[in-house]
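Below is one structure, written out as structure tokens, with a few remarks after it.
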Amino acid sequence: MAFEKYSLVGKRALITGAAGLLGMEHAAALLESGATVVLTDIGHGALESAKLKLAKTFDVDRILTAVMDVSSPEAVSDVAADIGRRLGYISILVNNAAIDPKVQGEQGMVESSRLENFPLEQWNLQVAVGLTGAFICSQVFGTEMATQGQGGVILNIASDLSVFSPDQRLYRKPDLPDDMQPVKPVTYSVIKAGLIGLTRYLATYWVGKGIRANALSPGGVYTNQGDEFVQRLSALIPLGRMAGRDEYRAAIQFLCSDAASYMNGQNVVMDGGRSVW
Ligand SMILES: NC(=O)c1ccc[n+]([C@@H]2O[C@H](COP(=O)([O-])OP(=O)(O)OC[C@H]3O[C@@H](n4cnc5c(N)ncnc54)[C@H](O)[C@@H]3O)[C@@H](O)[C@H]2O)c1
């Protein structure tokens with residue numbers, strides 16, 4: 001059977017930031033392939049509503065939830081211990097959680113996304129979730145995978161901005177002076193590039209233990225952003241459009257399954273070709 005290697009039946013996966021836009025898609029992808037999935041995020045209500053939505057399509061017995069702040073080593077260790085007791089060890093970890101403040105830019109306000117004004121507390125918070133959080137989860141769940149001796153998969157969700165710099169012209173507002181123009185913040189580039197370093201480190205650290213670590217770098221997902229922004233961005237993409245929210249599912253299924261058994265330490269860039277133009 002050609003698709004047998006894609007089966008995740010009997011596997012247990014944990015997704016961070018699972019109640020968000022792409023977290024739900026990753027969960028659907030893994031559930032579709034037969035895995036039992038633990039949805040984790042910071043808010044109980046959002047997790048329960050994510051579970052309800054997924055349970056309309058997938059077997060509710062294979063959907064668990066746990067409130068888990070990835071920036072807290074205690075919280076991650078507690079959830080790992082609890083899930084270990086209730087379910088068994090996790091062999092697929094998807095590090096997806098991030099704080100991605102929307103680029104705005106408003107007349108008369110200090111533009112805090114700009115490098116000159118960027119608040120240190122925002123830097124610390126965003127790095128704590130997007131990068132340190134992936135480290136903490138990999139430390140806890142990866143160590144468990146190595147100890148169990150049956151291997152595992154760590155998948156870090158990066159971004160096309162892990163391989164190139166944001167084009168700040170995309171966010172330009174004609175009515176604002178240069179020093180008030182909104183920008184994609186520096187944290188995004190640093191975190192996403194950092195995740196690729198983490199991926200390579202993890203891919204070689206537990207050598208001989210059957211643990212594969214890879215990154216998936218999605219391009220921007222269309223979620224009814226303004227027409228002007230969408231046109232500007234689409235013009236930079238050879239496929240001429242932003243991604244549909246479900247267009248990364250097959251990559252998640254591949255990377256988390258034995259179909260990708262020889263893929264390790266790589267950054268899979270799915271950006272409609274933007275990075276090669
Ligand atoms: N949406 C896109 O266009 C796009 C493109 C490229 C990469 N990405 C990446 O994909 C991932 C998911 O993006 P998304 O669009 O679904 O974002 P999202 O904001 O919808 O989801 C992120 C989730 O992370 C959670 N989160 C925030 N702080 C947390 C913490 N301390 N602990 C645990 N969870 C926390 C949020 O509650 C939220 O549910 C992110 O890493 C993002 O950078 C998204």
Does any part of the side chain of Arg200, heavy atoms only, come nearer than 4.5 Å to the side chain of Ile196, both counted from C-beta? yes

State whether Lys173 and Glu111 are salt-bridged, where the test is any N-O pair (Lys NZ or Arg NE/NH1/NH2 against Asp/Glu carboxylate O) under 4.0 Å. no

Under a 4.0 Å threshold between the charged nitrogen and the carboxylate oxygen, would Asp100 count as salt-bridged to Lys184? yes

Between Asp178 and Arg172, is a side-chain contact (heavy atoms from CB on, under 4.5 Å) present by the stated rule, with each step listed? CA-CA 9 Å; Asp178 280 357; Arg172 232 185 133 73; 2.8 Å; yes

With a 4.5 Å heavy-atom cut-off, do Leu236 and Leu170 have their side chains touching? yes

Checking Gln122 against Thr187: is there a side-chain donor and acceptor pair closer than 3.5 Å? no

The reported gap from CD in Glu32 to CD in Glu25 (rounded to nearest 0.5 angstrom) is 10.0 Å

Correct closest heavy-atom pair for Leu216 and Ala251 would be CD1-CB, 4.0 Å

Please check this pair: side chain of Thr132 against backbone of Val129, looking for a donor-acceptor N/O pair closer than 3.5 Å. no

Identify the two heavy atoms, one from Asn264 and one from Ala213, that lie closest to each other, and give their separation to 0.1 Å. OD1-N, 2.9 Å

Do Ser217 and Asn267 meet the criterion of a side-chain donor-acceptor pair at a distance under 3.5 Å? yes

At what distance, to the nearest 0.5 angstrom, does CG of Leu155 lie from CD1 of Ile15? 9.5 Å

After noting the C-alpha distance and the side-chain angles of Val70 and Ile136, does the key distance pass the side-chain contact (heavy atoms from CB on, under 4.5 Å) rule? CA-CA 7 Å; Val70 293; Ile136 294 170; over 6 Å; no

Hey, is the main chain of Leu64 close enough, under 3.5 Å, to the side chain of Arg86 for a donor-acceptor pair? no

Please check if the side chain of Arg249 supplies one atom and the backbone of Ala29 the other of a donor-acceptor pair under 3.5 Å. no

Sidechain-backbone polar pair: Glu247 side chain, Gly244 backbone, donor-acceptor under 3.5 Å: yes

Here the pair of heavy atoms bringing Met145 nearest to Ile92 is CE-N, 4.2 Å

Going from NE2 on His26 to SG on Cys256, what distance comes out if it is rounded to the nearest 0.5 angstrom? 9.0 Å

Would you confirm whether Asp271, through its side chain, and Pro218, through its main-chain N or O, come within 3.5 Å as a donor-acceptor pair? no

Value for CG (Leu30) from CZ (Phe58), rounded to nearest 0.5 Å, stands at 9.5 Å

If every non-hydrogen atom of Ser261 is compared with every non-hydrogen atom of Arg212, which pair is closest and at what distance? O-CD, 3.5 Å

Just by modelled atom types, is the Met263 backbone N or O under 3.5 Å from a matching donor or acceptor in the Asn214 side chain? yes

Evaluate the side-chain proximity of Gln148 to Ser91: yes if any heavy-atom separation is below 4.5 Å, no if none is. no

First locate atom OH of Tyr222, then atom OG of Ser234, and finally report the distance between them rounded to the nearest 0.5 Å. 9.5 Å

Exam field: side chain Glu144 to backbone Gly142, donor-acceptor pair closer than 3.5 Å: no

Can you tell me if Glu121 has over 12 outside heavy atoms packed within less than 6.0 Å of its CD? no

When you group the ILVMFWY residues by side-chain heavy-atom contacts below 4.5 Å and let the links chain together, are Ile154 and Tyr262 in the same group? no

CG of Asp246 to OH of Tyr248, rounded to nearest 0.5 Å, is 10.5 Å

Kindly assign one of parallel, tilted or perpendicular to the pair Tyr205 and Tyr201, based on the angle between their ring planes and the thresholds 30° and 60°. parallel

Any side-chain heavy atom of Val190 within less than 4.5 Å of one from Trp123? yes

Just so I know, are the side chains of Leu54 and Val37 near enough to count as touching, which here means a heavy-atom distance under 4.5 Å? no

Do other residues, nucleotides or ligands put more than 12 heavy atoms under 6.0 Å from the NZ atom of Lys51? yes

Ser162 (side chain) donor-acceptor with Ser159 (main chain) under 3.5 angstrom: yes

Could you tell me whether the side chain of Phe141 reaches within less than 4.5 Å of the side chain of Ile83, counting heavy atoms only? no

Between Trp206 and Thr143, is the side-chain contact (heavy atoms from CB on, under 4.5 Å) condition met? List the steps. CA-CA 9 Å; Trp206 286 294; Thr143 301; 3.8 Å; yes

Identify whether Ile157 and Leu198 are in the same connected component of the hydrophobic contact network (ILVMFWY, side-chain heavy atoms under 4.5 Å). no

From the options Asn156, Leu202, Leu195, select the one residue that forms a side chain to side chain contact (heavy atoms under 4.5 Å, CB included) with Asn95. Asn156

All heavy atoms of Met68 vs all of Val76, minimum pair found to be SD-CA, 3.9 Å

Look at the side-chain heavy atoms of Ile, Leu, Val, Met, Phe, Trp and Tyr, link any pair under 4.5 Å apart, and say whether Leu120 and Val127 land in one connected group. yes

Leu115 vs Val183, side-chain contact (heavy atoms from CB on, under 4.5 Å): CA-CA, chis, key distance, verdict: CA-CA 9 Å; Leu115 184 82; Val183 292; over 6 Å; no

Using only atom types and a distance under 3.5 Å, with no angle test, would you say the side chain of Ser71 pairs donor to acceptor with the backbone of Ala128? no

Closer than 3.5 angstrom, by distance alone: can the side chain of Gln231 be matched with the main-chain N or O of Phe229 as a donor-acceptor pair? no

State whether a side-chain donor-acceptor pair under 3.5 Å links Gln168 with Gln181. no

If you look at every heavy atom in Ala66 and Leu47, which pair is closest and at what distance? O-CD1, 3.4 Å

Sub-4.5 Å side-chain heavy-atom contact between Thr40 and Val38: yes

So do the side chains of Tyr188 and Val186 get within less than 4.5 Å of each other, counting heavy atoms only? no

